[in-house]
Asks: 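This is the structure I want to talk about, given as structure tokens.
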Amino acid sequence: MYVAGFVYICIYINRFNQNMEQVRVRFAPSPTGPLHIGGVRTALYNYLFAKKNSGTFILRIEDTDQARYVEGAEEYIIESLEWCGIVVDEGVREGGNYGPYRQSERKAIYRQYADILIDNGDAYYAFDTPEKLESLRSEAEKAGKTFIYNTEVRGELINSLSLGEAEWRQKLDRGEPYVIRYKMSYNEDIHFDDIIRGHIVVNTGTLDDKVLFKSDGMPTYHLAHLVDDHLMKISHVIRGEEWLASLPLHIMMYRSFGWNPPLFAHLPLLLKPDGKGKLSKRDGDKMGFPVFPLFWPYGETAKGYRDDGYYPEPFINMLALLGWNPGTEQEIFSMDELINTFSIERVGKSGSRFDPEKAKWFNHQYLQNKTNNQLALEFRDFLRAHGYQDDIVRLEALVGMVKERVSFVKDIWEQTDFFFKAPDTYDQEAVKKRWKEDSGLLLTELRALLENTIDFSSTANETVIKSWIEKNGYNTGAIMNAFRLVIVGSLRGPHMFDIISWLGKAETLKRIDKGVSLLSK
RNA sequence: GGUCCAUUCGUCUAGUGGCUAGGACGUCAGGUUUUCAUCCUGGUAACAGGGGUUCGAUUCCCCUAUGGACUACCA
């Protein structure tokens, strides 16, 4: 028992080391719509693992389902990965020695492998119509059971196992539609390992004879991905947890083919922020955050992170930490740091609830590290959208004043709108609280002071005004709040002296005049 | 229903057979500030439940509960 266990572990370790020699991983989405952040995370973990181990990251398009194919989805997926900074080594655009990388273009390959299984006796032809199977399923359901196409019922259905050879060959020759099914063995325990979940045992009695080859001449996922993974020399299959249930089948198939399976790692799911279940587009719509990297422009549109103002770096940073952590207290990672630190063993086992608030915080952190020049350049577009413009040096100064209080470039406008337009109305609450009987007189006095100032810089004004306040024994808070009210229109914004210095003397005096006349009535 | 997987603060998570169970987001309070925000400081808050094993379990085992995935000629 112990010896068997030891031998088993040795074989496993040996295989593990073999696979580590040439790491080749793939991200294999099907082009059925926009790429979900769950998918992005799967791609990211594959990418990080590949780069960490000097391996190859492959993008394979799994378009074997012609009915679900969506125009534009492939381009969208590629563009999404590009935006994220996930670089594909081999794929539909990049090419490579193991192409083609689109399954629809590999159609001819799959049939041969299906035939190998048939010759082995590990697969067979089945002629049952979808309608017949459907009715068997609903019948079983009515009886409180589940219909499974397996050893128990195989003999009673129409296939090359129940029919005489002459009979099924005749059906084939006549061109009757058929599928190829895997002949699952009965009552056998299969043992396999998952890097994240450890050792798992499943009895084949609970498995069914999965369709490998469809009547439309296309393989199903089970056949296609397995053949491709083998032919493309994939060393590690890192994919979503939804595949864990069909891993026993895949292990059996590797055995039938006589191939060494790759190593597997099944990633936990991303769950919705509230309640239960996995994250979906609906949650994003409902709670006002995106679940896709990019805006999806086809058919039913969906907003994306890029278009919502997120930078790719914090988006990736946030996603990397959702289900994985380095075991240290570091939270902010560049892509290179992620690559250096990543390991599959440190991916968690349980599903992670997505928290949009934390995503915002990551963006905030990254934005703080941008230079004023970068932000000013980006902000200029938002400014134009509001019908304003200014020179880049002035915008740099402006951005510098509010940078630390925003999470997105688009937020800058909310913090700086009053720089571009004098207030027309004044916040009533603030007026009530801060505009006193003598405010008008005091501001008129202040106006005279500013009018005679030569140096209108922030520091110069601060010195002048503060000494004036002190000399006259005025109340600083009373003056400054009233001052802010006429300049900004409400009690918010950066340092007052920075504001008026940016506005300039003429505009400052104008706003005092306007405010005093409107508020002193 | 069946099979498989999972379960540490509200959320993301660290961690260990003996610790005051650590960090981050959020939240709350205080401080700084001429305002708001930022920022700083501090607080709040967790080992799903029940049995074992053990001198001792959050940690190891079993059961229960809860959640999830799969159960297509979809991936």
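Here is the naming used below: chain letters follow the sequence lines, and residue numbers restart at 1 for every chain. Note that these values count all heavy atoms, side chains included, but never hydrogens, waters or copies made by symmetry.
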Asks: Out of the candidates Ile499(A), Leu442(A), Leu450(A), only one should pair with Phe483(A) under the side chain to side chain contact (heavy atoms under 4.5 Å, CB included) rule; please name it.
Replies: Leu450(A)

Asks: Considering just the side-chain nitrogens and oxygens of Thr64(A), establish if one lies under 4.0 Å of OP1 or OP2 belonging to rA75(B).
Replies: yes

Asks: Could you tell me how far rG22(B) sits from rC9(B) if I compare only their C1' atoms? Round to whole Å.
Replies: 12 Å

Asks: To the nearest Å, give me how far apart CD (Glu134(A)) and C1' (rA72(B)) are.
Replies: 9 Å

Asks: If a protein heavy atom is under 4.0 Å from the base, mark B; if only from the sugar-phosphate, S; if neither, -; do that for nucleotides 25-35 of chain B going 5' to 3'.
Replies: S--------BB

Asks: Would you mind reading off the distance between Leu267(A) atom CG and rA69(B) atom P, rounded to a whole angstrom?
Replies: 16 Å

Asks: Base, sugar-phosphate alone, or nothing: which one does Gly240(A) contact when heavy atoms must sit under 4.0 Å apart?
Replies: nothing

Asks: Under the 3.5 angstrom rule, does the side chain of Ser457(A) hit a backbone N or O of Ala460(A) as a donor-acceptor pair?
Replies: yes

Asks: Which one of Thr416(A), Asp411(A), Asp498(A), Leu375(A) satisfies the side chain to side chain contact (heavy atoms under 4.5 Å, CB included) criterion with Val402(A)?
Replies: Thr416(A)

Asks: Could you check whether the rings of Tyr305(A) and Tyr310(A) sit parallel, tilted or perpendicular, using 30° and 60° as the cut-offs?
Replies: perpendicular

Asks: Nearest to the Glu404(A) side chain among rA37(B), rC4(B), rU11(B), which nucleotide is it?
Replies: rA37(B)

Asks: Taking only side-chain N and O atoms of Arg41(A), does any of them lie within less than 4.0 angstrom of OP1 or OP2 on rC12(B)?
Replies: no

Asks: Using a heavy-atom cut-off of under 4.0 Å over every strand shown, decide if Ile200(A) touches base, sugar-phosphate, or nothing.
Replies: sugar-phosphate

Asks: Any donor-acceptor pair under 3.5 Å joining the side chain of Thr146(A) to the base of rG2(B)?
Replies: no

Asks: Which label fits Trp296(A) and Tyr76(A): parallel for a plane angle under 30°, tilted from 30 to 60°, or perpendicular past 60°?
Replies: perpendicular

Asks: Answer yes or no: are there more than 12 heavy-atom neighbours, outside Lys403(A) itself, under 6.0 Å from its atom NZ?
Replies: yes

Asks: Give the C-alpha distance, both sets of side-chain angles, the deciding distance and a yes or no for ring pair (Phe, Tyr, Trp, His ring centres under 6.0 Å) between Tyr125(A) and Trp168(A).
Replies: CA-CA 8 Å; Tyr125(A) 300 103; Trp168(A) 61 259; 5.5 Å; yes

Asks: Say you pick atom C1' in rG15(B) and the same atom in rG23(B); how far apart are they, in whole Å?
Replies: 11 Å

Asks: Should we say atom NZ of Lys370(A) is surrounded by more than 12 heavy atoms from elsewhere, each under 6.0 Å from it?
Replies: yes

Asks: Please classify the nucleic acid contact of Glu329(A) as base, sugar-phosphate, or nothing, using heavy-atom distances under 4.0 Å.
Replies: sugar-phosphate

Asks: So what does Arg346(A) touch, heavy atoms closer than 4.0 Å: a base, only the sugar-phosphate, or nothing?
Replies: sugar-phosphate

Asks: So, is the end of the Lys466(A) side chain (NZ or CZ) under 6.0 Å from the ring centre of Phe497(A) and within 45° of the ring's axis?
Replies: no

Asks: Under a 3.5 Å cut-off for both contacts, is rU33(B) paired Watson-Crick or G-U wobble with anything, and if yes, with which nucleotide?
Replies: none

Asks: Could you check which nucleotide pairs with rC74(B) in any of the strands shown, counting Watson-Crick or G-U wobble with both distances under 3.5 Å?
Replies: none

Asks: Would you call Glu242(A) and Lys278(A) a salt bridge, taking side-chain N to carboxylate O under 4.0 Å as the test?
Replies: no

Asks: Looking at rC4(B), I'd like to know if its phosphate oxygens (OP1 or OP2) sit under 4.0 Å from a side-chain N or O belonging to Arg197(A).
Replies: no

Asks: Is a side-chain donor-acceptor pair under 3.5 Å present for Tyr178(A) with Asn159(A)?
Replies: no

Asks: For a quick test of reading the model: is some side-chain N or O of Arg60(A) closer than 4.0 Å to OP1 or OP2 of rA75(B)?
Replies: no

Asks: Applying the Watson-Crick and G-U wobble criteria at under 3.5 Å, what pairs with rC4(B)? Answer none if nothing qualifies.
Replies: rG68(B)

Asks: Can you tell me the base-pairing partner of rC25(B)? Count Watson-Crick or G-U wobble geometry only, both distances below 3.5 Å, and say none if there is no partner.
Replies: rG10(B)

Asks: Mind checking if Asp128(A) touches a base, just sugar-phosphate, or nothing, with heavy atoms under 4.0 Å?
Replies: base

Asks: Rounding to a whole Å, what distance do you find between Glu241(A):CD and rC5(B):P?
Replies: 10 Å

Asks: Work out how far the P atom of rA48(B) is from that of rU59(B), and round it to whole angstrom.
Replies: 8 Å

Asks: Which base, if any, makes a Watson-Crick or G-U wobble pair with rC47(B), both distances under 3.5 Å?
Replies: none

Asks: Can you pull out the residues from residues 210-223 of chain A that lie within a 4.0 Å heavy-atom distance of RNA chain B?
Replies: Val211(A), Lys214(A), Ser215(A), Pro219(A), Thr220(A), Tyr221(A)

